[in-house]
Amino acid sequence: MTRITIDPITRIEGHLRIDCEVDGGKVTKAWSSGQMWRGIELILKDRDPRDAWIFTQRICGVCTTVHAITSVRAVENALNLEVPLNAQYIRNMIITAHGVHDHIVHFYHLAALDWVDIVSALKGDPEGASKLGATLSDYKANSIPNIRSVRDKLKTFVDSGNLGVFASGYWGHPAMKLPPDVNLLAATHYIQALEVQRIANKIVTILGSKTPHIQNLAVGGVANAINPDSQSTLTLERLYAIKALIDQLGDFINNAMMNDVAAVGALYADWTKYGAGVTNYLSVPDLPLDTKGTVFELPGGYIPAGDLSKFQAIKSYQDAFFRDGVKEAVKHSWYEYSGTNAALHPFDGQTTPKYDDFHDDGKYSWIKAPTFLDKRAQVGPLANVLGMYAAGHEPTKRHLTKLVEVASKVAGAPIPLSALHSTIGRIAARAVRCAVLHEALQNQWQLLLDNIAKGDTRTFNRPVFPKGEVRGFGYHEAPRGVLSHWVVIKDGKIDNYQCVVPSTWNAGPRDQNDEPGPYEASLIDTPVADANLPLEVLRTVHSFDPCIACAVHMVDAEKRPIVQIKAM
Amino acid sequence: MSILVLGLGNILLSDEGVGVRIVEALDASHDLPDGVELLDGGTSGMDLLDMVADRDCLIVADAVNADGPAGRLIRLENENIRMLFETRFSPHQLGLSDMLAALCLIDKAPRRVVIIGVVPQNLSLGLELSPAAADGRDAAVTMIIDELTRLGVAPTPRLH
């Protein structure tokens with residue numbers, strides 16, 4: 001038996017450590033450990049709840065926007081404060097543009113290189129790659145000169161010996177299976193995606209006034225006024241500039257990204273058998289279409305044990321099913337709860353660190369272990385897409401059906417929907433969600449324009465804080481899944497604040513009942529060809545889009561090898 | 001000439017946020033000529049790509065792990081920066097180096113990159129800088145002003 005330790009596992013953010021025991025070429029036991037402690041809750045105590053979002057968007061460098069939005073929702077919920085329609089639409093556009101940006105960057109710049117071999121792409125033929133692209137869509141940027149120029153550029157990069165972003169790739173690994181022309185086409189879109197993600201970021205910048213760290217937000221709405229005629233506010237001219245950016249994004253998502261993901265899924269069809277893990281799926285509705293948060297463009301809810309017929313919708317910002325269902329356990333986390341060993345509801349949550357060493361059967365992570373209805377739940381695009389599908393959301397059904405059709409065509413055999421419960425399924429669902437979000441972004445743009453045309457320019461309702469205690473929770477279906485903030489306010493000051501973040505749900509350690517979390521469960525039975533180069537483990541972990549700066553916080557910058565192997 | 005002064009760091013972790021504090025201090029004390037922009041980049045990586053693309057010069061202010069007393073200033077330019085990325089100096093370098101490498105791929109990397117770093121003392125939870133890092137912040141502001149002056153775009157002290 002061999003033990004593999006991978007630390008840190010992410011390309012860009014956070015310190016996640018994964019330990020696996022490998023026996024007979026397969027993972028038999030896994031541990032997911034956050035190596036940093038998070039203390040945002042302590043910084044927020046006794047502060048003005050109207051300022052909380054400014055601090056929460058500093059938790060993480062990737063997910064600044066989502067923590068800002070969720071924080072104002074939590075405080076508004078505590079005050080029963082309605083949000084003007086214009087502010088909802090503007091926030092919805094910020095959320096969807098951010099989500100599109102995040103999903104494009106994840107697939108191309110974080111996950112794709114686990115499947116696409118850049119060195120093999122150099123052997124690809126631009127003519128062959130262009131022809132292949134033409135069989136999947138009429139995307140104009142798949143021209144032979146475009147592809148040739150990308151190949152030449154990659155060659156210069158690789159020949160210079162300065163691999164940069166490509167330095168940590170597992171080039172030539174036996175688990176890399178794509179033909180050179182497919183690798184070359186995907187690499188071409190990798191480069192194009194660098195430009196495309198800038199377009200999505202521009203939309204967030206215009207609407208949020210600044211990025212990173214949006215400024216155009218307030219408890220009760222958004223900070224900037226709308227005036228169709230004034231230059232200094234959100235004008236019609238700016239809104240039409242945004243529309244042009246939205247259209248450019250659509251061409252890439254629908255004609256390049258969806259097909260790349262379908263092709264990777266089809267050519268790695270064996271990976272639809274691995275990585276299911278926890279199949280209780282939790283997602284929340286998002287993009288509110290009224291001032292109270294009772295009608296949403298995108299549905300969400302709970303699916304127990306992968307059974308879509310048992311889907312239970314979460315219906316409003318007041319939803320008791322969601323509010324009462326969430327708990328966090330610390331039996332295997334480096335915290336202690338005073339007066340109890342049981343899992344705690346976030347309103348009663350505590351953040352008292354109790355660190356010792358990494359104990360396989362004891363405490364081993366700075367991440368808590370959240371549960372829904374006392375069970376582990378997987379969150380993220382797969383949970384969201386399955387939830388929206390079960391709720392009968394038409395655009396989700398349409399985009400998912402299209403992706404499965406393209407994948408079936410490339411594979412030469414029909415791929416069933418059940419293949420989604422897998423590592424590949426998480427990647428496929430993220431592309432589907434990206435297309436759905438892009439469509440929603442178009443819809444929200446139209447809703448905002450129509451509402452302004454009616455003469456409504458209201459963007460803010462002033463919050464009023466009562467004497468005594470009020471409690472609120474806010475949720476958001478963020479790019480990595482369900483994000484919720486929980487706030488207890490006493491006499492206008494924050495008394496308790498807890499963030500239950502997507503990577504806590506997925507990367508959390510074993511829970512109160514020693515049940516493994518989604519990362520841990522999904523790794524069981526993953527094949528490992530070479531313990532020194534555990535590409536397969538990374539594929540499954542990366543499919544969740546790990547980003548745990550928010551789940552925990554930073555301590556370590558020592559020089560250590562990233563992969564350690566120990567014979568046992 | 002297009003120049004970006006980029007402050008990096010997590011302001012929730014005391015001295016870890018010194019890069020952001022340097023940019024804030026420069027912004028509060030000086031007016032900048034046309035062509036020079038300041039940005040509080042927090043701990044972002046790829047999100048900064050659009051702001052960094054196509055600059056003549058990128059000046060990064062950040063906390064760095066290096067020998068020497070807390071508050072010590074480090075200045076690195078172009079060739080030394082590759083070495084910096086190989087030895088994992090700053091906690092933000094994964095995001096920053098990925099972003100700069102990505103810009104090379106689309107031929108939009110800044111023509112010149114200067115990193116001005118401060119050795120931190122205290123990385124624990126909190127919003128305040130340690131006295132040593134606060135001194136480092138002030139010295140870094142002076143160094144950036146000198147840097148900009150050499151480039152012919154001297155900031156003007158703001159009269160209060």
Side-chain angles (χ1 to χ4, degrees), chain A residues 8 10-15 37-43 55-62 64-65 98 101-102 104-105 109-110 150 153-154 156-157 160 162-167 190-195 197-202 204-205 210-213 549 553-560, chain B residues 6-14 16-17 20 37-54 63-66 79 81-83 85-109 120 123-128:
Chain A
T10 56
R11 277 174 169 277
I12 53 163
E13 197 61 57
H15 290 233
W37 180 62
R38 169 176 61 121
I40 183 74
E41 290 84 359
L42 305 180
I43 281 203
F55 294 96
T56 57
Q57 71 170 337
R58 294 280 173 170
I59 304 176
C60 168
V62 175
T64 54
T65 304
H98 168 76
H101 173 265
D102 197 285
I104 292 173
V105 169
H109 306 124
L110 307 179
V150 167
K153 188 173 288 176
L154 286 175
T156 314
F157 221 71
S160 76
N162 175 20
L163 279 169
V165 265
F166 304 133
Y190 175 104
I191 305 272
Q192 290 167 353
L194 287 168
E195 291 286 3
Q197 58 99 15
R198 290 175 72 187
I199 300 171
N201 213 24
K202 277 194 173 72
V204 178
T205 309
K210 181 177 173 286
T211 180
H213 317 121
H553 115 100
M554 196 254 336
V555 281
D556 164 58
E558 283 171 38
K559 273 183 267 172
R560 280 187 299 177
Chain B
L6 174 65
L8 293 181
N10 190 337
I11 57 164
L12 303 179
L13 302 175
S14 310
E16 225 276 334
V20 174
E37 280 186 87
L38 295 181
L39 181 66
D40 157 11
T43 52
S44 295
M46 291 295 279
D47 276 10
L48 303 171
L49 188 137
D50 195 44
M51 279 296 283
V52 174
D54 264 336
V64 294
N65 297 330
E79 276 316 294
I81 285 169
R82 192 192 292 180
M83 178 206 76
F85 293 147
E86 279 161 12
T87 52
R88 210 170 162 216
F89 228 47
S90 145
H92 314 121
Q93 62 146 340
L94 286 172
L96 180 68
S97 61
D98 279 356
M99 189 261 292
L100 289 175
L103 281 171
C104 289
L105 284 173
I106 53 172
D107 299 321
K108 296 210 161 64
L123 297 176
S124 61
L125 196 68
L127 295 165
E128 302 294 320

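Lettering follows sequence order; numbering is per chain, from 1. This is a predicted model, so every value here is computed, not measured.
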K.L.:
With a 4.5 angstrom heavy-atom cut-off, could you sort out which part of B:Leu12 is near chain A: side chain, backbone, both or neither?
P.N.:
both
K.L.:
Closest approach of B:Leu105 and A:Leu154, non-hydrogen atoms and distance?
P.N.:
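Smallest interatomic distance, heavy atoms only, reads CD2-CD2, 4.4 Å.
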K.L.:
Could you walk me through whether A:Gln197 and B:Asp50 pass side-chain contact (heavy atoms from CB on, under 4.5 Å), step by step?
P.N.:
CA-CA 9 Å; A:Gln197 58 99 15; B:Asp50 195 44; over 6 Å; no
K.L.:
Please flag which part of B:Leu103 lies under 4.5 Å from any non-hydrogen atom of chain A: side chain, backbone, both or neither.
P.N.:
neither
K.L.:
The criterion is salt bridge (Lys or Arg N to Asp or Glu O under 4.0 Å); which residues satisfy it with A:Glu195, sequence neighbours excluded?
P.N.:
A:Arg198, B:Lys108
K.L.:
Check side-chain contact (heavy atoms from CB on, under 4.5 Å) between B:Ser14 and all other residues, then give those that pass, not counting sequence neighbours.
P.N.:
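So B:Ser14 forms a side-chain contact (heavy atoms from CB on, under 4.5 Å) with B:Asn122, B:Ser124.
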K.L.:
So do A:Thr211 and B:Met51 actually touch side chain to side chain, heavy atoms under 4.5 Å?
P.N.:
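No, their side chains stay 4.5 Å or more apart.
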K.L.:
When you compare the side chain of A:Lys153 with that of B:Asp107, does any pair of heavy atoms fall below 4.5 Å?
P.N.:
yes
K.L.:
Where is the tightest heavy-atom contact between B:Gly41 and A:Pro212, given as atom of each residue plus distance?
P.N.:
O-CG, 3.6 Å
K.L.:
At what distance, to the nearest 0.5 angstrom, does CZ of A:Arg58 lie from CG of B:Leu127?
P.N.:
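Result: 10.0 Å between the selected atoms.
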K.L.:
Out of curiosity, A:Ile43 CD1 to B:Ile11 CD1, how far, rounded to the nearest 0.5 Å?
P.N.:
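Going from the CD1 atom of A:Ile43 to the CD1 atom of B:Ile11 covers 8.0 Å.
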K.L.:
Does A:His101 form a side-chain contact (heavy atoms from CB on, under 4.5 Å) with B:Asp47? I'd like the steps, not just the answer.
P.N.:
CA-CA 9 Å; A:His101 173 265; B:Asp47 276 10; 2.8 Å; yes
